[in-house]
Amino acid sequence: MDTITNAPHPLRSAVRGRVLLPGDAGFDVAGRAWNLAVEQSPAAVVEAADANDVVALVRYARSAGLSIAVQPNGHGATGRADGAIVLRTGRLDTVEIDPDTRRARIGAGVPSGRLQAAAAPYGLTGLPGSSPVVSVTGVALGGGLSWFGRAYGWVSDAVTAFDVVDAEARHRRVTAETDPDLFWALRGGGGDFAIVTALELALHPAPSLFGGRMLWAATHARTCCARSGGSPPPRPTS
């Protein structure tokens, strides 16, 4: 497999987004996984400016004999990025909400918290997981267990369409009608079948929820312990 070692390099002119190569300032940080226990030694890091950048990157990688590891923000790292081009899709961050059809169209880099904030004014919700900073696309490609999973199923169940760039560098819209096999595979089968640049998914009515916590002053601790049969905490000596 070829590697990218010197700058300037044709990869910089192939895409409009930022390209970081070994030796560039910031390369080590840009190539890190979110989980620092997973070490990555990529050949390059590309922050795609748009879907056209992804098409151009796939064409370049094919011609250079390089693989691409897609990581919107570093979550889901598998250790397979060594010698590959790490693709960051964080700049693919458009969010469109259609409250009438209860549908959202979002870029591949949109985190769960941003989708929730955009849907909330319409009384709608996506299917958020446990973290607002993880990309919705990454969650959906892995299936995605939501807080609302018992009522609405997996996050992948809500996806109605994918915009992808395939291995032939073709930008395609994939639905259950246009390509049922690929659509089935993308909904929970992982991201190795194509690079997702955007997706559309169903939204749901947001439930009413009240949450919080109850706190008592420390002066009540002795009384509570005595009633429960426990030993009261020692009195402070000073």
* How about R103: does its CZ atom have over 12 heavy atoms from other parts shown lying under 6.0 Å from it? -> yes

* Asked: Looking only at heavy atoms, which two atoms of A43 and G83 are closest? And how far apart?
  -> CB-O, 3.7 Å

* Taking all non-hydrogen atoms of both residues, which atom of A81 and which atom of Q40 are closest, and how far apart? -> CB-OE1, 3.8 Å

* **Hydrophobic cluster membership, V45 vs L66, 4.5 Å side-chain cutoff** => no

* Point-to-point distance, once rounded to the nearest 0.5 Å, from CH2 of W184 to OG of S156 -> 11.0 Å

* Can you hop from V165 to L11 via hydrophobic side chains spaced under 4.5 Å? -> yes

* For the pair R12 and D24, find out whether any cationic side-chain nitrogen is under 4.0 Å from an anionic carboxylate oxygen. => yes

* Can you name the nearest heavy-atom pair linking L127 to G153, along with the distance? -> CD1-O, 4.1 Å

* Assess whether side chain to side chain contact (heavy atoms under 4.5 Å, CB included) is satisfied between L199 and I106, documenting all intermediate values. => CA-CA 6 Å; L199 59 77; I106 62 173; 3.7 Å; yes

* Structure fact -> One should read off an interatomic distance between S135 OG and Q71 CD, to the nearest 0.5 angstrom, of 10.5 Å

* Minimal non-hydrogen separation, F148 against T125, with atom names -> CE1-OG1, 3.6 Å

* Asked: So how far is it from T89 OG1 to D50 CG, rounded to the nearest 0.5 Å?
  -> 12.5 Å

* What residue among D163, N52, D166, T197 forms side-chain hydrogen bond (donor to acceptor under 3.5 Å, both in side chains) with H171? -> T197

* Candidate pair S146 and V155, rule side chain to side chain contact (heavy atoms under 4.5 Å, CB included), full reasoning -> CA-CA 7 Å; S146 164; V155 176; 4.2 Å; yes

* To do: Give the C-alpha distance, both sets of side-chain angles, the deciding distance and a yes or no for side chain to side chain contact (heavy atoms under 4.5 Å, CB included) between L115 and I97.
  => CA-CA 9 Å; L115 173 60; I97 305 293; 4.1 Å; yes

* Spatial distance of atom CD (E47) from atom CG (L20) [nearest 0.5 Å] -> 6.0 Å

* Give the minimum heavy-atom separation between A198 and R105, together with the two atoms involved. => CB-NH2, 4.1 Å

* Any side-chain heavy-atom pair from R187 and F162 closer than 4.5 angstrom? -> yes

* **Single-linkage hydrophobic cluster, 4.5 Å side-chain cutoff, V86 and Y60 together** => no

* To do: Measure the spacing between CZ of R102 and OH of Y122 and express it to the nearest 0.5 Å.
  => 14.0 Å

* Asked: Is it true that a side-chain atom of W154 and a backbone atom of G149 form a donor plus acceptor pair closer than 3.5 Å?
  -> no

* Would V196 and L201 show up in the same hydrophobic cluster when neighbours are defined by side-chain heavy atoms closer than 4.5 Å? -> yes

* Could you check R172 against D179 for salt bridge (charged side-chain N to carboxylate O under 4.0 Å, His left out), going step by step and ending with a plain yes or no? => CA-CA 10 Å; R172 304 165 51 195; D179 193 333; 2.7 Å; yes

* Asked: For the residue pair R16 and A49, what are the closest heavy atoms and their distance?
  -> NH2-CB, 3.9 Å

* To do: Check for a donor-acceptor pair, side chain of R62 on one end and backbone N or O of A167 on the other, with a separation under 3.5 Å.
  => yes

* Got L87 and I85 here, is their nearest side-chain heavy-atom distance under 4.5 Å? -> no

* Asked: So, do T137 and V110 sit near enough that their side-chain heavy atoms are less than 4.5 Å apart?
  -> no

* Hey, what's the ring geometry for H204 with Y152, parallel, tilted or perpendicular (30° and 60° as the breaks)? -> parallel

* Please examine the side chains of I195 and I68, heavy atoms only from C-beta on, and report whether any two atoms are closer than 4.5 Å. => yes

* Got a donor-acceptor contact below 3.5 angstrom from the R114 side chain to the D93 backbone? -> yes

* Asked: Distance-only, no hydrogens or angles: does the T160 side chain make a donor-acceptor pair with backbone N or O of E200 under 3.5 Å?
  -> yes

* What about F193 and V139, same hydrophobic cluster or not, with Ile/Leu/Val/Met/Phe/Trp/Tyr joined at side-chain heavy-atom distances under 4.5 Å? -> no

* Check whether any side-chain N or O of Q116 sits under 3.5 Å from a backbone N or O of G126 as a donor-acceptor pair, and report yes or no. => yes

